[in-house]
Amino acid sequence: MDSPGDPEGPRPPGGDGPPGGARETSRQLSREQIFVLISAASINLGSMMCYSILGPFFPKEAEKKGASNTVIGMIFGCYAFFNLLASLVFGKYLVHIGAKFMFVAGMFVSGGVTVLFGVLDQVPEGPVFIAMCFLVRIIDAISFAAAITASSSILAKAFPNNVATVMGSLETFSGLGLVLGPPLGGFLYQSFGYEVPFILLGCIVLLMVPLNMCILPNYESDPGKHSFWKLIILPKVAFISLVITSLSSGFGFLDPTLSLFVLEKFNLPAGYVGLVFLGLALSYTISSPLVGLLSDKMPHLRKWLLVFGNLITAGCYILLGPAPFLHIKSQLWLLVLILVINGISAGMSLISTFPEILSCAHENGFEEGLSTLGLVSGLFGALWSVGAFVGPTLGGFLYEKIGFEWAAALQGLWALTSGLVMGLFYLLEHSRRRRRSKLQNSLGTEEERTALLPDET
């Protein structure tokens, strides 16, 4: 794998690791790398908890303030849309703004608006309340995009030879945030009311800001000459983009549909529905570090992890209902088992996408440094947001029109298509490289024979 980052980049004062914290010369982590991991883990955990804490109780509170179900859905959906736009902007101007400043500022604003969300119950009901919800949610999406784009770039800079391993390991904290957010929010809401969950979590995030200001390295780099457009028109990147959006939309599809399906189909108490989601979240959280390690140890397997992970994911969605044409009876144990497998297969595909885009960019002339890392991080965040917006929006519509079983099967069809297209591309790429290698060998043989001819005469 090409090393994503300048190995001789600047080192912050006091760092005692390798130059720039970038080149791993031994298995032992430098102090600088440990600080980067702590910072990235804090933003992954904090931001995911801030994102997911709304689910258990905010819709009911918003209804009391005069918001319709459609408006509530738009309040949730606008997060992904503005996260998409902000990711592209921050990825492009990461070097100009500064990775450390973008990270710290994003975390500070995210913590602040989370606290503000906790006082929205004091706002007059009706249009004023709705407008303030949109405003706070949009600012949160923009700040989250800033922090995550900077975090991914800094990670890839600090660990150029272990990008997949590190990002897979840190997905553990993202998964924990998604798992812990709803039950913690629900418990605090029931015990102390609407304000406490947001104010407490927002203050915890704000307390992380001075810590990250002290420990996070300050990487600098010159602005690059490439753009998102030059990156996305690379065929390999375009096909990987399809994979990322299909995986993201799959996760998003389950948010508004799975709980309704479980309640209607199996008559479970509402409190047990969240446990069903744990099958997906925990399997993804546990498997991601292992997939990342395998991806870095054996880079030649990365492409096939991506392809087969997507194909297995497609099968999971088709079996989730299961699809009516399979004539399989829907059972709770089967649903949970499929969700567990889905978490593992999604991790197989997703963890491989970032290093694959990065290596493709370097192979096509993109400079090694923060500029390219910012583009790749911003693109990844934007593509994930596309799926996060399309998945629940389209999923809710299809659920109403054709039911969960067929809607999940259609979601599986998207994953199947992206997996097959990606696999076909890799096969054609492999065939093309073999032909090029044979041609170069034959040309080399002809040159050797030509060079020997004068000596034979």
Side-chain angles (χ1 to χ4, degrees), residues 4 36-53 78-95 97-114 137-159 163-164 166-178 181 201 205 208-209 212 216-217 219 228 241 244-245 247-248 251-252 284-285 288 292 350-351 353-355 357-358 370 372-389:
V36 168
L37 288 175
I38 293 172
S39 296
S42 68
I43 190 63
N44 281 27
L45 180 64
S47 60
M48 285 296 101
M49 290 185 71
C50 290
Y51 172 80
S52 62
I53 197 174
C78 74
Y79 187 97
F81 179 73
F82 282 91
N83 192 279
L84 157 67
L85 298 179
S87 294
L88 294 174
V89 173
F90 289 132
K92 174 65 176 175
Y93 295 103
L94 174 76
V95 174
I97 298 172
K100 180 175 181 177
F101 176 80
M102 186 184 291
F103 181 99
V104 173
M107 177 175 269
F108 175 77
V109 175
S110 181
V113 295
T114 301
R137 193 72 169 157
I138 289 168
I139 296 174
D140 194 22
I142 294 171
S143 61
F144 174 76
I148 289 298
T149 300
S151 174
S152 300
S153 303
I154 293 170
L155 276 171
K157 179 74 173 177
F159 298 89
V163 176
V166 173
M167 291 196 167
S169 299
L170 287 169
E171 281 301 300
T172 302
F173 293 92
S174 299
L176 283 175
L178 290 173
L201 188 55
V205 173
M208 295 179 187
V209 172
N212 284 292
L216 191 65
Y219 294 125
F228 279 111
S241 299
I244 295 171
T245 52
L247 292 169
S248 174
F251 283 134
Y284 176 77
T285 299
S288 291
L350 192 62
I351 300 303
T353 55
F354 191 97
I357 295 176
L358 202 53
L370 274 181
T372 299
L373 292 173
L375 288 177
V376 175
S377 301
L379 178 65
F380 184 91
L383 293 170
W384 186 263
S385 296
V386 170
F389 179 76

| field | Straight-line distance of Ser377 OG to Lys157 NZ, nearest 0.5 Å | value | 12.5 Å
| query | Side chains of Phe354 and Ile244: does their closest heavy-atom pair fall under 4.5 Å? | reply | no
| Got Pro217 and Val36 here, is their nearest side-chain heavy-atom distance under 4.5 Å? | yes
| query | Judged by atom type as modelled, is there a donor-acceptor pair below 3.5 Å linking the side chain of Ser288 to the main-chain atoms of Thr285? | reply | no
| message | Please give me the minimum heavy-atom distance between Val209 and Met107, naming the atom from each residue. | response | CG2-CG, 3.7 Å
| note | For Met102 and Tyr93, the nearest pair of non-hydrogen atoms, with its separation, is CE-O, 4.3 Å
| request: Specify whether Phe389 and Phe81 have parallel, tilted or perpendicular ring planes, treating 30° as the upper limit for parallel and 60° as the lower limit for perpendicular. | output: tilted
| query | When rounded to the nearest 0.5 angstrom, what distance separates CZ in Phe90 from CZ in Phe103? | reply | 14.0 Å
| request: Of all the heavy-atom pairs spanning Ile142 and Ala86, show the shortest one and how long it is. | output: CA-CB, 4.0 Å
| request: Examine distances only and state if a side-chain atom of Asn44 and a backbone atom of Leu170 form a donor-acceptor pair shorter than 3.5 Å. | output: yes
| message | Side chains of Ile139 and Phe82, heavy atoms from C-beta outward: is any pair under 4.5 Å? | response | no
| field | Nearest-0.5 Å distance that lies between atom CH2 in Trp384 and atom CG in Leu350 | value | 5.0 Å
| field | Thr149 side chain to Ala145 backbone, donor-acceptor under 3.5 Å | value | yes
| query | Do Met49 and Leu45 have side-chain heavy atoms sitting under 4.5 Å apart? | reply | yes
| task | Provide the closest heavy-atom pair for Gly387 versus Ser248 in the form atom of the first, atom of the second, distance. | result | C-OG, 3.4 Å
| note | Rounding to 0.5 Å, atoms CD1 (Ile148) and OG (Ser385) come to a distance of 10.5 Å
| query | Does Ser39 reach the main-chain N or O of Asn212 with its side chain, forming a donor-acceptor pair under 3.5 Å? | reply | no
| field | Value rounded to 0.5 Å, distance of CG in Leu375 from CD1 in Ile357 | value | 11.5 Å
| field | Heavy-atom closest contact (Ala382 atom, Ser87 atom, distance) | value | N-CB, 3.6 Å
| When you measure from the side chain of Ser47 to the backbone N and O of Ile43, does any donor-acceptor pair fall under 3.5 Å? | yes
| field | Over 12 foreign heavy atoms within 6.0 Å of CZ, Phe251 | value | yes
| request: Indicate yes or no: at least one non-hydrogen side-chain atom of Phe159 is less than 4.5 angstrom from one of Leu37. | output: yes
| query | Measuring from Leu84:CG to Leu383:CG, what's the distance to the nearest 0.5 Å? | reply | 8.5 Å
| task | Considering non-hydrogen atoms only, spot the tightest contact between Ala40 and Leu155 and give its length. | result | CB-CD1, 3.8 Å
